[in-house]
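Bear in mind the structure is a predicted one, so any value in this text is a computation, not a measurement.
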Amino acid sequence: MRTNLIFLALLTKIVFSETYKDRIKIYISNSEKNFKINKSRTSSNNEELNRFFLNQKVNKIEKWLPNARPEDRDGEIYLNRFYVAYIDSSSISLNEALESFAKLSFVEWVEPIKIMKTDYEPNDPYWNNQWAMQSISAELAFDLWDINDGQFPGNMESGEIVVGVSDNGFNWKHPDLVDNVWQNLGEDADGDGVVIVQSGNTWTFDPGDINGLDDDEDGYVDNFVGWDVAFDDNDPFPINNSVDHGTFVAGCISSSTNNNMGVGSIGWSIKLMGVNASDNDETVTDGYSATLSAAQMGANIINMSWGGSGSCTNSEQNYFNVIYNNYGSILVTSAGNSFDSNFNPMSPSSCDYVISVSAIDPGNQFGCWANADPWVDLCAPGEAIITTDHPSGYVTVSGTSFASPIVSGAMGLLWSRFPSMEKEWIIDRIISNTDQFDDMDASCSGASLVGMLGSGTLNINKALTAGVYPSLYVDGVNYINDTDDDGVLNPGESAQVKILVGNLDGFADGQNVIATISSDDSRISILDNTIEFPNNVPAGGTSFTIFDHFLVQVDEDASLGEVPCIIQLQAGTEEPYYNTFVEINLSISLDQSGFSF
């Protein structure tokens, strides 16, 4: 049993960071079957735990992630087996509680709970020059779409890219956000194609869709634009109609662009899913539940502009493994706003599968106020960022809280351009196509920044266009004019081999494509190894040659079976050319066409 080892590691790492003093996180062992807590959350069906609660003055116990499902697991770690125990901090210290819980036979491990806070610093009021968009080459990126002809960045022929805003709610009724709000048409009960409607000068949920049912069976009732995890209702509007951080963040991701109003955004028309993660305006009380909800509701990307001090704990890593691997969401978070020359970790930015974003100032300078550490993946503009305000209008803000959503919006834009690509490709494309900047080799407070600011600063145009190449593949192989003209390669025959070449959608057309075949297998001789394609291979399409072909001779004594070959596909009108290598098999057989022997 690993309880003691895990407990000691956690205790030495994070117990002295900014953590709650009146609560701890525990994992109930998988061997404890049918564990339950009562409705009052003061006891359970485990008598040992109940006696412990009385002796240790434990006030209540509740699930860490109330929305965790049985299938939300990372190997043998189930997210629905994590609980939060609330202690009387006036009579027992946090360390004493951790040590006591760790001794319970059915508790597999214990952890302190970090206090999560948003990462922003409000600055000047309205500022009408969005330097951040210029810094990340957004205007050049937008030129890839024929906007005058009705092509809009972020739009797709089918489907949409949705960014979950795990924050303290956002004003989804804001006139510069409402057109980009995710509308969950799985809850469109009246079938009119919308779930929000304008009512006078504001927006409301479509009355024809409110039926108190989970129509799309995603576990959430009438979740038209998202969910409020903190208060367990379907409206992620800011609490008390006053908290504004989430509205700032949403505007950075995808305020409506080219609409003659307010500000533009890198997301342009990417959709925004709201998830309220807090019951107050000072801390993020339900960040992890909110992020899980966003994943369960189908968010492609989830932005978390919040964090706490201390390294990533075991339960946090298990949690993010589930989000990334089971739900397929890209996770983006802010690195923090408290530069530390010791480069101590923050969470969740130090967790695996989480993209950590630090901030640069105007002029692509690192101002030594944002966090820098080995876990930062890249930087983005984070100072003097103009964005949407709550309850209305616009505001200028600073913080890694706003660098993170700019990256989230950029990832959404990239994914909308290449919708068939896996999330790993999207992440790599963003991180691998950044711009280097001088301060990456500088220092702050005597501490070197080398290796502490990720790969560089975001460049969305480079991510979209770097090496504007096709993405070619072999879609089919055919044999023609073989000796007995049956379309099957037999020992002793020669045959023309033709290939059908495809090109993934969203990439450049393949120009001047040349295919070259090779093989180390002695059963065949390649008499003509080159095919030249006279026409382009269009993006999203295929192409073949009418006259050109490979010519292959099969040895008379060749054994039957598959002959491994390599086809090199080259494209381009000038160097550097596009090249890719595809493995295929040519099949030697005694079968006759149309016969099974």
Side-chain angles (χ1 to χ4, degrees), residues 119-143 153-154 163 165 176-177 180 245-259 261-270 272 301 303 305 332-335 337 355-367 369-371 376-389 393-414 430-431 433-440 453-464:
D119 292 324
Y120 84 106
E121 298 168 3
N123 201 336
D124 300 328
Y126 197 79
W127 185 49
N128 61 5
N129 184 8
Q130 289 183 264
W131 72 273
M133 301 293 282
Q134 301 169 23
S135 172
I136 64 173
S137 300
E139 293 178 0
L140 290 174
F142 294 153
D143 285 341
V163 179
V165 185
D176 218 359
L177 295 176
N180 284 350
H245 184 266
T247 304
F248 299 163
V249 168
C252 293
I253 297 170
S254 191
S255 58
S256 297
T257 305
N258 204 36
N259 63 347
M261 183 186 301
V263 295
S265 69
I266 186 56
W268 191 291
S269 59
I270 296 299
L272 298 163
I301 301 160
N303 187 84
S305 290
V332 186
T333 192
S334 48
N337 299 337
I355 308 305
S356 175
V357 185
S358 192
I360 57 169
D361 303 346
N364 286 358
Q365 296 177 326
F366 184 73
W369 54 266
N371 283 33
V376 169
D377 292 289
L378 76 162
C379 297
E383 182 170 312
I385 305 299
I386 187 169
T387 184
T388 47
D389 197 6
Y394 305 89
V395 65
T396 300
V397 292
S398 294
T400 58
S401 269
F402 314 112
S404 171
I406 289 175
V407 170
S408 293
M411 285 192 168
L413 183 69
L414 178 64
I430 289 289
I431 295 176
N433 291 286
T434 53
D435 291 330
Q436 302 280 301
F437 59 101
D438 291 341
D439 283 352
M440 294 177 70
L453 294 174
S455 62
T457 187
L458 175 67
N459 185 324
I460 183 57
N461 184 58
K462 189 184 291 186
L464 284 160

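In this structure, the separation between CD1 on I360 and CG on D439 is 9.5 Å, given to the nearest 0.5 Å. Taking OG of S408 as the reference point, atom CD1 of I270 lies at 11.0 Å (rounded to 0.5 Å). Note: L272 CG to S256 OG = 8.5 Å, rounded to the nearest 0.5 Å. Note that CD1 of I253 is 9.5 Å distant from CG of L177, once rounded to the nearest 0.5 Å.
At a cut-off of 3.5 Å, with distance as the only test, a side-chain donor of W369 or D361 sits close to an acceptor on the other residue. Counting only N and O atoms by type, the side chains of S305 and N303 include a donor and acceptor under 3.5 Å apart. For the residue pair N337/T400, the side-chain donor-acceptor check at 3.5 Å is satisfied. In this structure, a donor-acceptor pair under 3.5 Å is absent between the side chains of S404 and T333. The closest side-chain donor-acceptor pair between N180 and S254 falls under 3.5 angstrom. Defined by atom type and a distance below 3.5 Å, a donor-acceptor pair is present between the side-chain atoms of S135 and N364.
In terms of modelled atom types and a separation under 3.5 Å, the side chain of S265 and the main chain of S255 share a donor-acceptor contact. Side-chain atoms of Q130 come within 3.5 Å of backbone atoms of G264 as a donor-acceptor pair (strictly under, hydrogens ignored). Using a distance-only test at 3.5 Å, with no hydrogens or angles considered, a donor-acceptor pair links the side chain of T387 to the main chain of F248. Distance alone, capped at 3.5 Å, is enough to place a donor-acceptor pair between the Q436 side chain and the S455 backbone.
Residues A463 and I430 approach most closely at CB-CD1, 4.0 Å, considering heavy atoms. Across all non-hydrogen atoms, the minimal contact from M133 to I266 is CE-N, 3.5 Å. Here the shortest heavy-atom pairing between L464 and L414 reads CD2-CD1, 3.6 Å. Scanning all heavy atoms of the two residues, the minimum distance from S269 to P153 falls at OG-O, 2.6 Å. Residues F366 and A359 come closest through the heavy atom pair CD1-O, 3.4 Å. Here the shortest heavy-atom pairing between P381 and I406 reads O-CD1, 3.6 Å.
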| query | Stepwise, does the side chain to side chain contact (heavy atoms under 4.5 Å, CB included) test hold for I355 with L378? | reply | CA-CA 8 Å; I355 308 305; L378 76 162; 3.8 Å; yes
| field | side chain to side chain contact (heavy atoms under 4.5 Å, CB included) between D377 and I431, worked out | value | CA-CA 7 Å; D377 292 289; I431 295 176; 3.9 Å; yes
| task | Report the C-alpha separation of D176 and N259 in whole Å, then their side-chain angles, then the decisive distance to 0.1 Å, and conclude whether the side-chain hydrogen bond (donor to acceptor under 3.5 Å, both in side chains) test is met. | result | CA-CA 8 Å; D176 218 359; N259 63 347; 3.0 Å; yes
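L413 is listed as a side-chain neighbour of F142, based on a closest heavy-atom distance under 4.5 Å. Counting heavy atoms from C-beta outward, D435 and T457 have side chains that approach closer than 4.5 Å.
Checking each of N371, V332, L458 against V357 for a side-chain contact (heavy atoms from CB on, under 4.5 Å) leaves exactly one that passes, namely V332. Across V407, V397, I386, I385, a single residue satisfies side-chain contact (heavy atoms from CB on, under 4.5 Å) together with C252, and that is I385.
Using cut-offs of 30° and 60° on the angle between ring planes, the pair H245 and F402 is tilted.
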